[in-house]
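Read the structure below first, then the notes.
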Number of protein chains: 4
Amino acid sequence: MTEKQEKIVQAALELFAQEGYHATSTSKVARAAGVSEGLIFRHFGNKEGLLAAIIKIGEQRLRDLYADIVLATNPKEVIRKALEMPFLVEESDYEFWNLQFKLKWELPGYDPSKMEPLQVALTNAFRKLDYTFPKLEAEFLIHALDGIGSALLKGGISDKSTLKEFLLDKYQV
Amino acid sequence: MTEKQEKIVQAALELFAQEGYHATSTSKVARAAGVSEGLIFRHFGNKEGLLAAIIKIGEQRLRDLYADIVLATNPKEVIRKALEMPFLVEESDYEFWNLQFKLKWELPGYDPSKMEPLQVALTNAFRKLDYTFPKLEAEFLIHALDGIGSALLKGGISDKSTLKEFLLDKYQV
Amino acid sequence: MTEKQEKIVQAALELFAQEGYHATSTSKVARAAGVSEGLIFRHFGNKEGLLAAIIKIGEQRLRDLYADIVLATNPKEVIRKALEMPFLVEESDYEFWNLQFKLKWELPGYDPSKMEPLQVALTNAFRKLDYTFPKLEAEFLIHALDGIGSALLKGGISDKSTLKEFLLDKYQV
Amino acid sequence: MTEKQEKIVQAALELFAQEGYHATSTSKVARAAGVSEGLIFRHFGNKEGLLAAIIKIGEQRLRDLYADIVLATNPKEVIRKALEMPFLVEESDYEFWNLQFKLKWELPGYDPSKMEPLQVALTNAFRKLDYTFPKLEAEFLIHALDGIGSALLKGGISDKSTLKEFLLDKYQV
DNA sequence: AATGAATGAGGGTTCATTCAT
DNA sequence: AATGAATGAACCCTCATTCAT
């Protein structure tokens, strides 16, 4: 990626996150990136291509977040890390993740089981800890984490650390 | 609301739900409603006014859903009803709720503590049942339900009834 | 056709004729027609639709020109009228016919045997006059008329009436 | 002309012939020629310069076609060769000539009496053969040949050799 | 000579909105 | 209340052209 390509992606990321994909015009992206509008199309083909590039980045970042969890050996550690995940995201990254959640609703056919590796890891962890329904426990937890992440980004959680501690305690990890 | 007004709202509801607010043009709404485009503006002022009307309906429907929960006296019943709520939504209504979730992300400054009555009711229920941190339990559960509702709408939950039974069992209600 | 629709078609006709279809922008058409650019698309769908409307007019005008020839009973009259046809076109209509010739080359798959009724009429006329190869005579004449029309429009014929008299004399009609 | 220059001209020739000058972008030409877009401008200045180069080639080719006719001594031979000319063009060259006809209509102020040498030769031939109006005969024949060539390129002539024989017979050459 | 990133103007088209009827 | 013609701004995108390398 050249320097200008990076700038375009960065600007698009911010604008798509703030206003949504459809509500953001390519001309606004170009202006924000300090670049001619045509360049967007030279590098990404069309607006959707730019979006695709951004989504790819998002998927990579998600995989990075998971990696640490999935690779843990101790079942309690797996669960603890999963619980901590939403709280580890720095506020400077909220915009980025906000976009990912936005896109999940704005795009048709998005989010096809990206969570699966996490699902598997959590199921195994719950099984090792002799939970009666490890698969369902994992499923529930993932949904809960999704809801928490969502609320975090929308500013619906005032006391983050208290909630986190409560969760770690609740799951005894 | 006159008959044509209803038709407009209904058409907008469907289209906004399917394609998103920004991606839906007023002309498409008019066509789907079998109405002239100008009429939309006569009745709702502008496109945002039409959206506002739809949001209002959504809020009313949400209150209706809550009412049954909030008014319950038995704490276990409160929790049970809360847990059942996402699963009670009929598939024919998915489109409607899909739109509500969509809007939460598409609009700036949306979702201002609509959940509060539910939060209060759940906190009280958990307190009556002697949970150590009733407020946090309520908060967690609400986020979890949000996540479950989200997954339900996106088709990410294959076996609804099993998950529901698991939850009722988990919370012993 | 409303008044503005007429204006659009008229302006497009002139511009397409002068500069060619591809070289004429819809904005130029709109400006020349004294109309907003959007109106073109409301009425004709897209630029090609506008072209189609113009082509339709051209085909009608061509049929009108033929009608007089085809309906003649006397074979000599048929041939005479065919020969006179290119010379009957008024100079104020040159622009219109210029466009028709232009389009024949600019558009793929244009001009599919529009000349057939004329071909039939001329063949019959030559047959009645005992020409040895009436069909080939007709074919040749049509091509010649096409070439003459083309030259007429491009300004390649200085003395129209002399050429016309020569032709009438040559075919003895 | 360097090898790359040739490639550009060749690619432009094909594309201009197939889709027209205005409808062909320089980027498409570059791609088809396997050359960077910038090189076109290095060599030909601008798009019009590329066109000019192509036109020049066309004019040379036309002169070549004429040469054989004009240099003939026997008047019958002149006429015969003129009549044969359109039929001598190989189908593999149709694309090239198609472009020439296209350009005649697409460009303003094109075709300034390129036919003159042929006109002179034919006039002389008809005069030698004691035609009453040799100049008009020549003019008519040239227009007819133009029409025939046009039809040939547009695929409007099914039986070429029959038409040719008919013409040779008609002019008794 | 040759590339390919970069540009700015303009392309066709869609949009939300207004207005006369 | 209801229509549909009409608008002008903005949309995404393509264009011919330039320039540093």
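Any value given below was found using the heavy atoms of this structure, including those in side chains, with hydrogens, waters and symmetry copies removed. Letters A, B, ... are given to chains in the order of the sequence lines, protein chains preceding strands, and every chain is numbered from 1.
Rounded to an integer number of Å, the gap from A:Met1 CE to E:dA6 P is 13 Å. In this structure, B:Leu51 places its CG atom 12 Å from P of E:dT17, rounding to the nearest Å. In this structure, A:Leu39 atom CG and F:dC12 atom P are separated by 16 Å, rounded to whole Å. Between C:Glu3 atom CD and E:dA20 atom C1' there is a gap of 15 Å when expressed in whole angstrom units. Whole-Å rounding puts the D:Glu48 CD to F:dC15 C1' distance at 15 Å.
Among residues two or more places apart in sequence or in another chain, the side-chain contact (heavy atoms from CB on, under 4.5 Å) test is passed with B:Glu6 by B:Met1.
Taking the six-membered ring where tryptophan is involved, the planes of A:Phe16 and A:Tyr21 are perpendicular, since the angle between them exceeds 60° and thus also 30°.
For F:dC11, one of the phosphate oxygens OP1 or OP2 lies less than 4.0 angstrom from a side-chain nitrogen or oxygen of A:Ser27.
Checking A:Val35 against C:Arg31, the closest nucleotide of DNA chain E that is more toward the 5' end is the one next to A:Val35. Comparing C:Gly34 and A:Lys28 against DNA chain F, the residue whose closest nucleotide sits nearer the 5' end is C:Gly34. In terms of position on DNA chain F, the residue among D:Tyr21 and B:Gly38 whose nearest nucleotide sits closer to the 5' end is B:Gly38.
Residue A:Ser25 places its side chain closer to F:dC11 than to any other of F:dA2, F:dC11, E:dG12.
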Symbol by symbol from the 5' end, with Watson-Crick or G-U pairs under 3.5 Å, [ ] crossing and | another strand, DNA chain F is .||||||||||||||||||||
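A donor N or O paired with an acceptor N or O is not found under 3.5 Å between the base of F:dC12 and the side-chain atoms of A:Glu37.
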